[in-house]
Amino acid sequence: MSYFFQEWIDPINLLEEYNLTFPPHLHDTVELIYITEGSVGLDIVTQNYTLYTGDFAIVFPGQLHGFHDIGSANKIHMIIFHVSQIPQFARELEHYHPENPIIRREKLHPDILMAFQRLFHLGNEEDLRIRQAWIHLIISNLFSAFRLQENTDTGDTYLVVKILEYLSSHFTEPLTLEALAQELHVNKYYLSHTFSNKLYLSFTTCVNRLRIEKAMQLLKTTNLSIETIGGMVGYETQRTFNRVFKKMVGLTPREYRRNHPSKINQFHLPDIADKADKQY
């Protein structure tokens, strides 16, 4: 499974997430986010936001985004749906993006909250046309509140998707920019430029983020030793694993495990834990 580029089969998906963290990814669907409890960090393209209880956010199709831990527990309701479910807004959703994708609690229209609550009360099994109607109400109110900007840089979407697909499947292996360029049949300097200008981070940072996100999940959800986890996610030495983890998370792996109770999200990273006995 590629978790850098997500594909959603069902036209409308209702998700309830606890203590959500998820690395940068993109998909061709719309993502609506409502914070019911706690707080979470949300990254959309180059902007970083902190969302608190009652805040709302939207991610348009094709926007790179991710969630990160800011030291607070959270409960999040998410609606992920295909643009085809509200064709009246297809042009805006596919060719524009909001200047500010966040609506704070005090400015959230009550109809948006009502529609969100109604959708989660109905669940995923309710008649599709009824769910479409509630989503139409949400988007109608959002578009009256947002100022939209036209997308001026479509970029090399195909190459970005291929990069994300490959890294999501191979980030635990020894990787170099040169090897990735050879695998994707592109010039390594052009590839480096793509990382900087399309993914907004370097190749090394991208790989480390994937590895550390996976390590964080394993530290919270397994009893595997820290040494084993470091090797499983791609680090050849414990010293390197500790150094990179501390730089990115602000805690050592041991401190992180001690401070975070075990909790498994519905969004699962590729499962490599079951390979531990075979590899180590």
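Counting from 1, the numbers follow the sequence of the chain as shown. Because the structure is a prediction, the values reported are computed rather than measured.
- Annotation for L51 and A57: closest pair CD1-CB, 4.0 Å, computed over non-hydrogen atoms.
- The environment of CG in N223 is sparse: at most 12 heavy-atom neighbours from other residues, nucleotides or ligands sit within 6.0 Å.
- No side-chain heavy atom of N74 sits under 4.5 Å from any side-chain heavy atom of S39.
- Expressed to the nearest 0.5 Å, how far CZ of R209 lies from CG of L201 amounts to 5.5 Å.
- Residues L20 and M78 share a closest heavy-atom pair of CD2-SD, 4.0 Å.
- Residues F120 and H77 bring their aromatic ring centres within 6.0 Å.
- F67 has its ring centre no less than 6.0 Å from the ring centre of F22.
- A centroid separation of less than 6.0 Å is found between the aromatic rings of H65 and H27.
- Residues that satisfy the side chain to side chain contact (heavy atoms under 4.5 Å, CB included) test with H136, not counting sequence neighbours, are I86, Q88, F89, S140.
- If you take CG on L167 and OG1 on T172, they are separated by 11.0 Å, rounding to the nearest 0.5 Å.
- Between Y190 and L159, some side-chain heavy-atom pair lies under the 4.5 Å cut-off.
- L175 contributes atom CG, which lies 8.5 Å from atom NE2 of H170 (distance to the nearest 0.5 angstrom).
- Panel note: side chain S169, backbone Y166; no donor-acceptor pair is recorded below 3.5 Å.
- Panel note: side chain R131, backbone N124; a donor-acceptor pair is recorded below 3.5 Å.
- The side chain to side chain contact (heavy atoms under 4.5 Å, CB included) check on H68 picks up D43, I70, with sequence neighbours excluded.
- Using modelled atom types, one side-chain atom of S168 and one backbone atom of E165 make a donor-acceptor pair closer than 3.5 Å.
- Among residue pairs with one or both ends in residues 133-147, none qualify as salt bridge (Lys or Arg N to Asp or Glu O under 4.0 Å); sequence neighbours excluded.
- Contact between Y34 and L108 at its shortest, heavy atoms only, is CE1-CD2, 3.8 Å.
- Q63 places a side-chain N or O within donor-acceptor distance of the main-chain N or O of F60, the cut-off being under 3.5 Å.
- In this structure, F81 and I139 have side chains that are in contact, with non-hydrogen atoms separated by less than 4.5 Å.
- Inter-residue side-chain proximity for V244 and R211 is flagged as unmet; no heavy-atom pair is nearer than 4.5 Å.
- The shortest non-hydrogen separation linking L128 to P11 is CD1-CG, 4.0 Å.
- Between V83 and D28 the shortest side-chain heavy-atom distance does not fall below 4.5 Å.
- With rounding to the nearest 0.5 Å, the separation of CD in E17 from OG1 in T36 is 11.0 Å.
- Within the 4.5 Å cutoff, side-chain heavy atoms of L191 are placed close to those of L180.
- Sorted by first and then second residue, the pairs that involve residues 176-186 and meet salt bridge (Lys or Arg N to Asp or Glu O under 4.0 Å), not counting sequence neighbours, are E178-K188.
- Residues passing the side chain to side chain contact (heavy atoms under 4.5 Å, CB included) test with T252 are K246, R254, E255, sequence neighbours excluded.
- P253 has its side chain within reach of L219: a pair of non-hydrogen atoms, C-beta onward, lies under 4.5 Å apart.
- Partners of F146 under the ring-ring contact (aromatic ring centres under 6.0 Å, His included) rule, at least two apart in sequence or in another chain, do not exist in this structure.
- Looking at residues two or more places apart in sequence or on another chain, you find a side chain to side chain contact (heavy atoms under 4.5 Å, CB included) between N13 and W8, D10, I80.
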Show every donor-acceptor pair shorter than 3.5 Å between a side-chain atom in residues 99-106 and any protein atom, with sequence neighbours excluded, or say none if there are none.
{"unit_1": "E99", "atom_1": "OE2", "unit_2": "Q149", "atom_2": "NE2", "d": "3.4"}
{"unit_1": "N100", "atom_1": "OD1", "unit_2": "I102", "atom_2": "N", "d": "3.1"}
{"unit_1": "R104", "atom_1": "NH1", "unit_2": "T50", "atom_2": "O", "d": "2.8"}
{"unit_1": "R104", "atom_1": "NH1", "unit_2": "D55", "atom_2": "OD2", "d": "2.6"}
{"unit_1": "R104", "atom_1": "NH2", "unit_2": "T50", "atom_2": "O", "d": "3.3"}

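- Closest approach of P98 to I58, counting heavy atoms only: CG-CG2, 4.3 Å.
- Residues E150 and H95 have side chains that never bring a donor and an acceptor to within less than 3.5 angstrom of each other.
- Residue pairs satisfying the salt bridge (Lys or Arg N to Asp or Glu O under 4.0 Å) criterion with at least one member in residues 228-237, sequence neighbours excluded, are absent.
- Between I229 and T222 there is a side-chain heavy-atom pair separated by less than 4.5 Å.
- Screening residues 167-176 for salt bridge (Lys or Arg N to Asp or Glu O under 4.0 Å), with sequence neighbours left out, gives no hits.
- Note that the NE2 atom of H82 and the CD1 atom of I135 stand 11.0 Å from one another [nearest 0.5 Å].
- Shown here are the salt bridge (charged side-chain N to carboxylate O under 4.0 Å, His left out) partners of R129, two or more places apart in sequence or in another chain: D127.
- Residue pairs that meet the ring pair (Phe, Tyr, Trp, His ring centres under 6.0 Å) test with at least one member in residues 214-244, sequence neighbours left out, are Y235-F241, F241-F245.
- Counting only distance, with no hydrogens or angles, the side chain of H109 and the backbone of D111 share a donor-acceptor pair below 3.5 Å.
- The two residues I138 and A115 make their nearest non-hydrogen contact at CG1-CB, 3.4 Å.
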